[in-house]
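The structure under discussion appears below in the form of structure tokens.
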Amino acid sequence: MSDPAPQPGSITARALAARGGAVAATNVPWLEGLNPEQLRAVETLDGPVLVLAGAGTGKTRVLTTRIAHILGTGRASPGQIMAVTFTNKAAREMKQRIGGMIGSAVEGMPWLGTFHAIGTRILRYHAELAGLKSSFTILDTDDQIRLLKQLIQAENIDEKRWPARQLAAHIDRWKNRGLLPDQVPASDGVFANGRGVELYEAYQERMAVLNAVDFGDLLVKPIKLFTENPDILADYHRRFKFLLVDEYQDTNVAQYLWLRLLAQGTDETKPNICCVGDDDQSIYGWRGAEVDNILRFERDFPGATVIRLERNYRSTSSILATASHLIAHNEDRLGKTLFTDMVAEDSEEKVTVASAWDSAEEARAVCEEIESLQTKSHPLNEMAILVRTSAQMREFEDRFFTLGLNYRVVGGPRFYERQEIRDALAYLRVIAQPEDGMAFERIVNVPKRGLGDTTVRKINALSRDQDMSPLAAARLLSETEEIRPAARTALRKLIEDFDRWRGNLDTLPHTELAEIVLDESGYTKMWQDDTSPQAPGRLDNLKELIRSMEEFENLAGFLEHISLVMDVDSAEQEDAVTLMTLHAAKGLEFDTVFLPGWEEGLFPSQRSLDENGKAGLEEERRLAYVGITRARKRAKLWFSSNRRIHGLWQSSIPSRFLDELPVDHVDVIEQTSSYGGYGARGYGNYGASRFDKPLEMDSAYQTPGWKRAQAARSTGKRPSSGPMTIEGELVARSVSTKASSFALGDRVFHQKFGYGDVSLIEGNKLTIDFDKAGRKKVVESFVTPHNQAG
DNA sequence: CTTTTTGAGCTATGT
DNA sequence: GCTCAAAAAG
């Protein structure tokens with residue numbers, strides 16, 4: 001996300017004043033205190049502008065001030081500015097800061113948001129043109145994989161050899177490049193011997209039936225919409241006078257196309273585009289980001305003004321020198337040099353590198369430092385531990401827990417990803433959007449209703465055959481004799497329940513409805529009867545969920561929010577250490593930053609090296625750069641000689657990045673106590689050879705008495721649904737309008753009942769007199785015509 | 001149909 | 001080490 005601008009009243013303000021580069025009092029209050037480059041970035045309103053903003057150079061400040069300036073000078077109204085960010089956090093922060101500058105006008109900035117949020121907005125508005133109903137659901141990764149799995153199975157492709165996960169990755173990659181099924185180059189047909197594209201197509205068709213989109217669609221579909229409907233695009237050209245893009249280095253091809261379409265316009269309606277970014281902080285290449293976009297800006301937008309922000313307001317000179325020296329090892333960069341003119345204080349600390357025997361020891365040592373800083377009255381809020389992978393978090397959490405140290409995990413297992421929350425949401429999704437088959441499937445048998453694999457399989461087969469939603473298929477099935485009586489009764493009951501709940505959608509407040517649903521479905525009871533230790537916590541979470549719904553006007557609004565905003569707004573102001581991944585840390589800053597796990601294979605990640613070679617290494621290095629530059633006063637790097645990978649202990653060697661740090665600005669800490677040794681200069685004598693003092697086995701290895709509340713495993717995202725206008729009859733209609741391909745008296749064959757004659761046709765439900773089984777009601781797709789001639 | 005057992009694979013990073 | 005999926009048992 002974006003770099004917070006200097007905090008007023010802190011070092012920064014003083015530094016600014018001392019520098020003389022700052023702009024003296026202007027008649028425009030928001031421009032005060034900007035340095036000349038920042039001022040230029042804010043005031044150059046006409047024509048394309050690229051702001052290359054290094055870490056801690058006041059990037060967000062420039063962006064927000066620019067918006068304030070546009071509004072303040074009356075160049076545009078809030079609705080005429082589109083401002084795109086990558087994360088919700090960034091969007092939220094910008095809203096806040098603009099609000100702080102110019103008052104409440106931010107409320108009226110409907111087009112400030114993430115690419116995905118704005119894409120959703122556009123799609124809902126023109127849903128029909130995209131082949132959707134505006135109530136469409138956004139599938140999360142979990143739903144996506146489940147759906148793909150079904151499709152793979154339906155195609156009789158070996159799921160072991162061609163896992164759904166992998167297909168999802170392919171599709172994601174295609175969408176990131178803005179490719180629709182028919183545009184995928186043949187050379188990309190590696191999945192399932194070239195059938196990947198076929199599956200991609202089937203996937204899109206299936207999602208259309210489910211009235212759903214995935215994250216990629218939120219970018220791809222608006223592009224398609226704009227290309228196919230120039231008049232609509234022209235509307236947007238007329239609407240937007242200014243286009244602002246944060247973190248431009250992170251845009252992928254699809255986002256680039258999206259922006260380019262919007263930035264075109266005619267001479268009179270061409271919006272002024274301003275992109276802000278830092279090629280050195282491009283860390284999302286694996287997600288399809290093209291650093292090239294930023295490198296190519298001047299060619300894409302002729303006559304562009306390029307402004308460099310290199311004056312850093314955040315970190316000490318040691319930290320800056322360390323980070324700069326490291327990043328200089330990258331070859332592919334535009335090249336910027338950060339500098340500070342803050343006077344180095346005597347107390348300035350060098351960046352430190354320390355080692356530990358193993359990861360538990362590392363966690364212990366880091367926590368010791370944290371506690372020691374805490375006793376010197378450093379707030380925990382000003383400390384962060386930044387790890388490469390979330391798997392590293394566990395050991396720190398264990399440690400925090402035993403010490404009773406307050407901590408918060410950012411981007412860890414998120415509230416909306418918890419099982420009970422997802423289940424509850426699935427119920428609500430089905431109510432709000434009956435086509436949402438993925439949600440329906442999730443809870444058909446939760447709590448257990450005797451609707452097992454077989455039934456679900458039948459529902460799915462039918463729904464795929466007939467291009468109808470699973471709920472519609474279930475409804476149909478429950479009226480026939482395809483499934484066993486017990487299951488049939490249960491299914492009918494469930495469908496009746498859903499009908500009733502949906503009937504209450506407009507009459508009851510949505511929170512109350514949610515309570516009723518959880519209650520009547522037996523979901524609450526399921527957890528009440530559960531004796532596992534987590535059950536009470538889950539019930540609490542459900543209550544919390546209901547509580548969080550109160551902030552929203554209706555169910556649709558709530559579901560929309562969580563589908564895009566996976567993190568629950570942590571309003572907790574409690575003093576706590578922050579624990580998060582390096583990726584999540586972008587845009588944040590702390591006085592003290594701990595960077596554990598600087599070992600070859602882990603950081604840089606082996607996988608990154610294997611898959612992307614030099615480019616991968618450079619991205620890892622940028623990640624290291626991002627990590628170090630998060631620190632204002634203290635950056636403390638660690639590596640440990642032994643680490644458990646996939647459950648096996650492996651000895652590790654220090655990261656090459658450690659060798660790339662400038663000796664003058666880095667202190668290598670010789671561990672006084674137990675930990676693995678590490679020579680004063682060379683990083684050579686790491687390793688298993690040296691630990692002078694026996695480890696304190698008791699504390700380092702005591703069994704973690706608790707497990708992390710929720711395994712961080714699920715990569716799922718949250719789906720949602722839209723407006724509450726649900727017409728229940730749509731389902732029924734879509735079913736009955738299809739003409740039956742059978743005629744009265746036709747001779748047919750059924751897998752289970754054998755041969756028979758059609759005696760009645762209702763839509764696609766057939767009543768058949770079977771030779772052996774007697775008269776049965778059956779859905780059309782379960783019978784095949786019997787060849788009379790044969 | 002549900003529960004338990006066994007076995008395989010796996011780990012980045014996030015909208 | 002941990003989780004999920006398929007297989008086996010109840």
Side-chain angles (χ1 to χ4, degrees), chain A residues 1 84-91 113-120 138-142 144-146 149 159-160 163-165 169 172 175-176 213-219 247 250-252 254-255 282-289 386-395 410-412 414 417 445 447-457 483-484 486-487 490 562-567 580-586 597 601-612 616 619-620 622-623 626-627 644-649 704 707-708 710-719:
Chain A
M1 78 157 256
V84 203
T85 65
F86 272 81
T87 64
N88 297 293
K89 220 170 27 171
T114 61
F115 274 102
H116 295 85
I118 294 177
T120 310
I138 302 162
L139 294 187
D140 61 35
T141 319
D142 243 37
Q144 215 184 104
I145 305 247
R146 268 191 296 147
K149 191 170 289 179
E159 213 195 310
K160 285 272 161 66
R165 227 163 232 305
D172 202 45
K175 288 187 176 175
N176 282 337
V213 299
D214 64 15
F215 270 102
D217 285 338
L218 296 177
L219 302 174
E247 307 282 14
D250 286 337
T251 47
N252 58 36
Q255 286 158 335
S282 160
I283 53 176
Y284 285 108
W286 51 273
R287 210 168 70 187
L386 310 182
V387 294
R388 175 68 247 266
T389 74
S390 38
Q392 290 170 260
M393 290 185 182
R394 172 179 259 104
E395 261 165 316
V410 176
R414 286 174 275 198
E417 280 173 7
N445 203 27
K448 302 254 184 310
R449 302 188 169 88
L451 300 169
D453 239 24
T454 339
T455 317
V456 173
R457 223 180 283 268
I483 51 176
R484 306 208 331 241
I562 56 183
S563 69
L564 293 168
V565 185
M566 286 304 300
D567 51 338
M580 63 182 144
T581 63
L582 286 158
H583 282 89
K586 188 151 81 146
L602 178 63
F603 191 29
S605 130
Q606 191 56 50
R607 186 162 156 185
S608 192
L609 263 42
D610 291 347
E611 287 174 12
N612 294 304
E619 181 155 315
E620 294 286 309
R622 289 194 291 268
L623 199 50
V626 167
R644 198 160 29 192
I645 296 164
H646 292 356
L648 294 169
W649 283 101
K707 293 189 170 180
R708 223 158 137 208
Q710 283 276 329
R713 183 193 44 75
S714 164
T715 52
K717 296 286 151 331
R718 228 340 358 99

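Per chain, numbering begins at 1; letters A, B, ... match sequence-line order.
A straight line from CG of A:Leu602 to C1' of B:dT11 spans 11 Å, rounded to a whole angstrom. Per the geometry, CD belonging to A:Glu611 stands 12 Å off C1' belonging to B:dT11, to the nearest Å. The interatomic distance linking A:Asp142 (CG) with B:dG14 (C1') rounds to 14 Å, in whole Å. Here the P atom of nucleotide B:dT15 and the CD atom of A:Gln144 are 15 Å apart, to the nearest Å. Rounded to whole Å, atom P of B:dG14 lies 20 Å from atom CD1 of A:Ile562. As rounded to whole Å, 15 Å separates atom P of B:dT11 from atom CG of A:Asp610. Counting to the nearest Å, the P atom of C:dA5 and the CZ atom of A:Arg146 are 10 Å from each other. Atom CZ in A:Arg394 sits about 11 Å away from atom P in C:dG1, given to the nearest Å.
Nucleic acid contact class of A:Arg644 (heavy atoms, under 4.0 Å, all strands): sugar-phosphate only. Nucleic acid contact for A:Tyr284: sugar-phosphate only, since backbone atoms but no base atoms lie under 4.0 Å from a heavy atom of the residue. Counting any heavy atom pair closer than 4.0 Å across all strands shown, A:Lys175 reaches no nucleic acid atom. Within 4.0 Å of A:Gln392, counting heavy atoms only, lies no atom of the nucleic acid at all.
The aromatic rings of A:His116 and A:Phe215 sit perpendicular, their planes meeting at an angle over 60°, well past the 30° parallel limit.
For A:Lys89 and B:dT15, the shortest distance from a side-chain N or O to OP1 or OP2 is not below 4.0 Å. Contact between the side-chain N/O atoms of A:Thr141 and the OP1/OP2 oxygens of B:dG14 is not found at any separation under 4.0 Å.
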Under a 4.0 Å heavy-atom criterion, the protein footprint on nucleotides 1-6 of chain B, written with B, S and -, is SSS---
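A:Gln144 contributes atom CD, which lies 6.0 Å from atom OG1 of A:Thr141 (distance to the nearest 0.5 angstrom). Summarising the geometry, atom CD belonging to A:Gln255 is positioned 4.0 Å from atom CG belonging to A:Asn252; distances are rounded to the nearest 0.5 Å.
Along DNA chain B, the nucleotide nearest A:Ser605 and the nucleotide nearest A:His116 are compared for position; the residue whose nucleotide lies closer to the 5' end is A:Ser605.
Distances from the side chain of A:Thr114 to the nucleotides B:dG14, B:dT15, C:dA5 place B:dT15 closest.
Of all the heavy atoms in A:Leu451 and A:Val456, the pair that sits closest is O-CG2, 4.1 Å.
Of the possible donor and acceptor atoms, one in the side chain of A:Arg622 sits under 3.5 Å from a partner among the backbone N and O of A:Ser282. Between the side chain of A:Glu611 and the main chain of A:Ser608, no donor-acceptor pair closer than 3.5 Å is present.
Between A:Asp250 and A:Arg287 no salt bridge is recorded (no basic side-chain N to carboxylate O distance below 4.0 Å).
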